[in-house]
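In the text below, chain A, chain B and the rest are named by the order of the sequence lines, each starting its count at 1.
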Amino acid sequence: MNSDILISVQKVSKCFNRGRPNEIWPVREASLYVKKGEVVVLKGPSGSGKTTLLGLIGCMSRPTSGRIILKGQDVAKLPERFLTEIRRKTFGFIFQQFNLIKGISVRENILLPLYPTGMSFGQMSERVEELMETLSLSHRAGFPVEILSGGEQQRVAIARALINNPDILMADEPTAHLDSKLSMNLLETLGLLKSRGMTIVIATHDPLVFETEMVDRVYEVRDGRVRER
Amino acid sequence: MIFHPGIIALFLGSAVVVLMLLYISLLSVRVLRYWDIRSSSELQLSLERKTYLTSTIMNYILGYQIVSALLFIYTVDSLHTEFVGAMCATGVLNANPVGWYVLYLKVLNLLLSGLWIGINILDQRSPEYPLTRLKSALVLILLPLIAAEGYLEVRYFLGLDPAVITSCCGSMFSAQGKGLASSLTAIPVKKAEAGFALVWTLFFISGTLSLKYKVSSFKYVFSIISVLAFVVSLASVVSFISLYFYELPTHHCPFDILQADFNYVGYPLYISLFLCTITSMLTGIYEALRRKVERKDVVDRLQRKTTLSGLVFGLLFLIISLWPMVFSSFTLQGY
Amino acid sequence: MIKHLKILEFALSSLLRRKLKNLAIVSVFTTVTMVIASILFLTHSFKKEALLILQGSPELIVQRIQAGRHALIPLSYVDAIKGLPGVGDVRPRYWGYYYDPLTGANFTVIAYPEGIRKTEIIEGSLPGANEHGYCLIGSGVADARFLQIGDELFLQDIKGRVLSLKVRGIFKKSSQILTNDLVIISRPDFDRLFGFPEGHATDLTVQVYNPTEIQNIAGKVKKLLPDTRPITRSEILRTYDSLFNWRGGMLLALFASSVLAFVILAWDKATGLSAEERQEIGILKAIGWETSDVLTLKFWEGASISLISFLTGIILAYIHVFYFSAVLFEPALKGWSVLFPDFRLRPYVDLYQCFVLFMVTVVPYTASTIIPSWKAAITDPDSVMRG
Amino acid sequence: MKRYQIFISIFLFEIIVLVFLLFSASAQVAKGKKEMLSLKDLCSELSLTDLSVWTEARYTRNPSQADWFSPFQDFPSSVEHFPAGSLIEPPMRRKR
């Protein structure tokens with residue numbers, strides 16, 4: 001196996017409500033891998049299981065069976081509290097809804113992942129100023145997030161995902177709530193991140209996303225099964 | 001007797017704690033039956049989540065135990081005016097013999113909850129939940145003890161009859177009396193002092209050794225000596241340490257030093273002794289649990305911390321208890 | 001440490017985001033604490049004051065009981081008691097109640113003992129031992145009858161005649177708690193006022209040489225004179241002690257229902273996590289907060305609410321009781337009577353009261369928040385992804 | 001200033017106020033000690049046994065001298081002197 005493989009998912013299945021009449025298997029025996037610096041797209045219609053798969057890759061939940069090797073360590077069987085630590089150190093998430101906390105400022109929203117860490121307030125504000133500069137949010141720093149435009153909210157979400165210097169950026173339908181112009185802006189931002197060496201995994205059904213040239217590989221997800229294209 | 005504000009507060013607190021403990025005991029039974037760290041079933045996941053509840057509640061219970069022990073002594077002490085012949089907490093405890101058992105159980109439960117929290121800290125620092133079963137079993141041991149404490153507390157206060165003429169510390173802790181307390185007093189001061197000095201010397205030697213060398217028997221010895229030191233020190237407080245605080249050769253009461261007249265010196269004295277015992281005992285307990293835990297470095301780091309704090313609190317206790325012997329003009333020579 | 005500070009920072013921010021709800025909780029909590037603390041402070045200070053003052057009451061009092069009621073005691077009992085070994089002086093006490101139809105108040109009338117010394121708590125001068133027609137009154141009596149030194153106090157004696165007494169002295173206001181309703185007159189006036197039978201007293205005070213013998217002597221008196229009831233000083237003190245404990249405890253038990261109501265409110269608020277709060281916790285978990293971090297967050301939310309409310313409640317109660325004489329619940333806490341001393345209590349407050357208050361307010365509140373905050377903390381991190 | 005700093009300042013401020021109140025309480029008590037002693041002397045001088053607070057009924061004026069077993073003792077239709085009367089606890093049940 002190639003040594004620059006960051007994540008390798010091997011025959012992973014996930015089941016909800018096992019043994020009950022409403023048992024479902026949103027992911028069945030999925031296998032895929034992600035290399036360092038790649039942009040990988042999970043493509044599929046809504047309800048195909050790609051969000052669940054993204055959650056499994058991103059250590060949000062544990063699979064029912066199968067192995068997930070992250071940087072050489074099998075994380076599929078780890079207890080929740082260690083998954084959290086790995087998730088915090090390795091992944092940055094951008095959600096379909098922006099999932100920002102209303103009523104607090106842009107700065108505080110971006111800083112959220114750093115609160116339960118040992119980083120000092122000084123270091124935190126240094127990092128956040130730098131990041132807001134990159135994503136041109138500085139003029140909005142003290143504003144409550146709910147008065148920002150959709151594009152700005154998306155950038156806040158990206159900044160929050162990047163604040164803890166993750167290895168991998170996970171994005172779930174990032175363009176779902178954006179018009180095509182803003183979507184293009186988002187893709188530019190992602191391209192910029194890729195050029196800096198960031199690994200990116202995107203779950204989407206938006207052709208605008210998986211047809212851009214920065215995408216290295218596309219997996220098609222249908223009924224919980226994964227096929228490389 | 002029930003409508004004393006302090007007694008109401010104690011009853012209320014005990015009721016709350018016993019209920020919470022009962023709840024986590026039910027959880028613990030499920031943990032003991034179904035815990036399987038290798039499984040990724042939903043049952044296992046829900047059990048893992050319930051361990052958070054258990055440790056949260058245990059943290060609160062430890063906090064409660066500390067407050068309630070102080071409140072108990074305080075309340076018992078403030079009741080002394082209602083009993084003929086009682087001049088401090090001792091007299092009121094004698095008024096209904098159950099009182100002593102409540103006190104002993106409170107001390108024991110305080111120690112046990114402290115140890116539980118220590119074990120929990122080790123468990124939470126290791127990836128594989130190595131001690132969860134042990135912790136659950138300990139909760140099940142703690143439940144009857146704390147419930148018994150609550151029950152005896154109720155029986156004690158309800159059974160207090162202010163018409164009873166009780167003896168006070170003056171006659172209780174005098175050499176003529178019967179029972180454990182008086183036999184403690186009857187120990188010749190010289191022997192008590194020698195025992196005290198011996199035990200604490202051993203304590204510091206074994207502590208330093210277990211800090212320096214990675215030999216497990218040193219750590220066990222250190223823990224065992226800390227328990228000995230705890231017992232010997234409590235006996236010594238009755239036998240001779242308190243005398244120096246009161247500057248009276250016949251006043252042996254271990255509770256009066258908690259009062260304002262003696263600058264509340266009893267609080268730092270007992271608190272440092274408790275902390276010293278709990279942390280030193282944890283050194284040995286961690287040693288015993290070492291083979292269960294995968295990450296030995298975590299054990300080492302925690303052990304270092306507990307041993308060091310055991311030594312520091314021990315030193316603190318010694319300084320406080322020896323202070324008046326060194327700096328006051330009162331001597332026990334000739335008694 | 002820094003982690004806790006940061007989580008505290010965030011906890012405060014989320015409390016402030018739900019200002020109205022949390023303000024409501026804080027104000028209810030503060031009020032409950034204040035009410036309970038007022039009760040405790042008041043009864044405890046009252047008790048302490050009573051116990052200290054009554055240290056001066058007679059070591060042993062012997063009363064006669066007739067047909068189950070307190071009756072006048074024959075002076076022949078004096079010598080009988082004096083004969084007991086260990087007994088010092090035995091003195092008769094002459095006192096009684098006088099209902100004053102003019103003001104509707106009850107006075108306590110005492111025939112003064114021979115050697116009353118001048119103290120700084122008396123204004124004016126003292127009537128001599130055998131001067132009659134003079135009196136020394138408590139400030140409550142003076143106020144009720146609008147009397148000053150030199151005025152006349154008119155009482156109606158047992159035969160309906162007017163007894164006129166010139167006020168020689170008035171007890172100072174600072175001694176109200178002990179002397180408010182006293183009217184101290186001479187023996188001849190006392191006899192005339194109440195038509196006291198010859199050779200009798202209200203009761204006897206007994207001096208005992210050895211304080212450890214009091215109980216013993218009391219037993220011997222009871223044996224010697226079976227129709228008497230000896231009351232020892234320590235019994236009086238214990239009576240007062242349990243009286244005020246009972247009072248404080250009973251009110252506490254009554255107000256425990258308000259604590260309970262509050263705890264139910266807090267529980268309800270905490271369990272009824274709104275969809276918004278649930279989503280917030282989900283977000284936190286998704287972006288890397290661990291379950292124990294969320295528990296810490298909830299701990300700090302609860303701790304900041306309860307600590308601030310608790311301290312504010314205690315401080316307000318202190319000011320209320322000792323600077324404003326407990327105006328808010330005066331009648332309920334102190335009781336009433338026509339001659340009511342407007343005493344300023346000395347603040348006998350110590351850490352013990354604070355401990356008790358902590359136990360009856362913060363502990364139930366905290367207990368009620370544990371399970372709800374745990375429920376919030378175990379929210380699935382991927383719940384926000386599933387939308 | 002950060003919120004937690006404000007919070008901690010308020011908290012410490014309240015603690016200081018409380019400690020100050022506790023100390024001033026004991027100072028006030030100490031200051032009133034002389035007055036207290038003279039009250040105590042007066043109490044023994046006049047052989048008083050009770051405080052003069054609730055003067056309405058015998059059992060509230062002199063709780064220690066009254067018969068506890070008959071609360072409505074003044075006259076049959078006498079109303080209970082609430083709340084002064086409620087101060088008196090019920091007699092203890094003796095069990096043997």
Report task. Report the residues that fulfil salt bridge (charged side-chain N to carboxylate O under 4.0 Å, His left out) with C:D350, sequence neighbours left out, ordered by chain and then residue number. Result ->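 Once residues adjacent in sequence are excluded, C:D350 has no partner under the salt bridge (charged side-chain N to carboxylate O under 4.0 Å, His left out) criterion.
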Which one of [options] has the most heavy-atom pairs closer than 4.5 Å to chain D?
{"options": "C:I308, C:I231, C:I319, C:I121", "answer": "C:I308"}
{"options": "C:S304, C:C354, C:G104, C:A11", "answer": "C:S304"}
{"options": "C:V349, C:T312, C:I110, C:L351", "answer": "C:T312"}

Identify which part of [X] has an atom lying under 4.5 Å from any heavy atom of chain D, answering side chain, backbone, both or neither.
{"X": "C:Y348", "result": "both"}
{"X": "C:Y240", "result": "side chain"}
{"X": "C:L52", "result": "both"}
{"X": "C:L178", "result": "both"}
{"X": "C:T205", "result": "side chain"}
{"X": "C:W300", "result": "neither"}
{"X": "C:L182", "result": "side chain"}
{"X": "C:S45", "result": "neither"}

Inter-residue atom distance [X].[atom1] - [Y].[atom2], 0.5 Å rounding:
{"X": "C:R346", "Y": "D:S26", "atom1": "CZ", "atom2": "OG", "answer": "14.0 Å"}
{"X": "D:L39", "Y": "C:K172", "atom1": "CG", "atom2": "NZ", "answer": "11.5 Å"}
{"X": "D:Q5", "Y": "C:L8", "atom1": "CD", "atom2": "CG", "answer": "10.5 Å"}
{"X": "D:S52", "Y": "C:F107", "atom1": "OG", "atom2": "CZ", "answer": "11.0 Å"}
{"X": "C:I53", "Y": "D:L37", "atom1": "CD1", "atom2": "CG", "answer": "10.5 Å"}

Requested in this report: Using atom types as modelled and distance alone, determine if a side-chain donor or acceptor of D:E14 lies under 3.5 Å from a backbone N or O of C:L311.
Outcome: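 Absent.
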Query raised in the report: Would you say C:Q55's side chain and D:K40's backbone share a donor-acceptor pair under 3.5 angstrom?
Result: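 Side chain of C:Q55 to backbone of D:K40, a donor-acceptor pair under 3.5 Å: no, none is there.
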Nearest non-hydrogen partners of [X] and [Y], listed with the distance:
{"X": "C:S57", "Y": "D:T49", "answer": "CB-CA, 4.1 Å"}
{"X": "C:P58", "Y": "D:L48", "answer": "CD-O, 3.6 Å"}
{"X": "C:P347", "Y": "D:A25", "answer": "O-CB, 3.3 Å"}
{"X": "C:E9", "Y": "D:Y4", "answer": "OE1-N, 2.9 Å"}
{"X": "C:L54", "Y": "D:C43", "answer": "CD2-SG, 4.1 Å"}
{"X": "D:R3", "Y": "C:S13", "answer": "NH1-CB, 3.2 Å"}

Query - Side chain / backbone / both / neither for D:I6 at chain C, heavy atoms under 4.5 Å - result: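 The answer is neither part of D:I6.
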Report task. Select one option (side chain, backbone, both, neither) describing which atoms of D:D41 are under 4.5 Å from chain C's heavy atoms. Result ->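 Neither the backbone nor the side chain of D:D41 comes within 4.5 Å of chain C.
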**Report entry** Close aromatic pair by centroid cut-off 6.0 Å: C:F46 and D:W54
**Finding:**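 Aromatic pair counts; centres sit under 6.0 Å.
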Report task. Could you list the residues that satisfy ring pair (Phe, Tyr, Trp, His ring centres under 6.0 Å) with D:F7, not counting sequence neighbours? Result ->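 Expected list: none.
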Requested in this report: May I have the step-by-step check of side-chain contact (heavy atoms from CB on, under 4.5 Å) for D:R61 and C:T108, ending in yes or no?
Outcome: CA-CA 9 Å; D:R61 172 60 182 93; C:T108 301; 3.1 Å; yes
**Report entry** Top contributor to chain C interface from D:L21, D:L18, D:I15, D:V29 [non-hydrogen pairs under 4.5 Å]
**Finding:**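 Among D:L21, D:L18, D:I15, D:V29, the one with the most close pairs to chain C is D:L21.
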Query raised in the report: So with a 6.0 Å cut-off around NZ of C:K48, is the heavy-atom count from everything else above 12?
Result: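 No, because the 6.0 Å sphere around NZ of C:K48 holds 12 heavy atoms or fewer from other groups.
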Query raised in the report: Between the side chains of C:R91 and D:S47, is a donor N or O closer than 3.5 angstrom to an acceptor N or O?
Result: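 No, no side-chain donor-acceptor pair sits under 3.5 Å.
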**Report entry** Polar side chain donor-acceptor pair, D:T55 to C:D181, under 3.5 angstrom
**Finding:**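 No, C:D181 and D:T55 have no side-chain donor paired with an acceptor closer than 3.5 Å.
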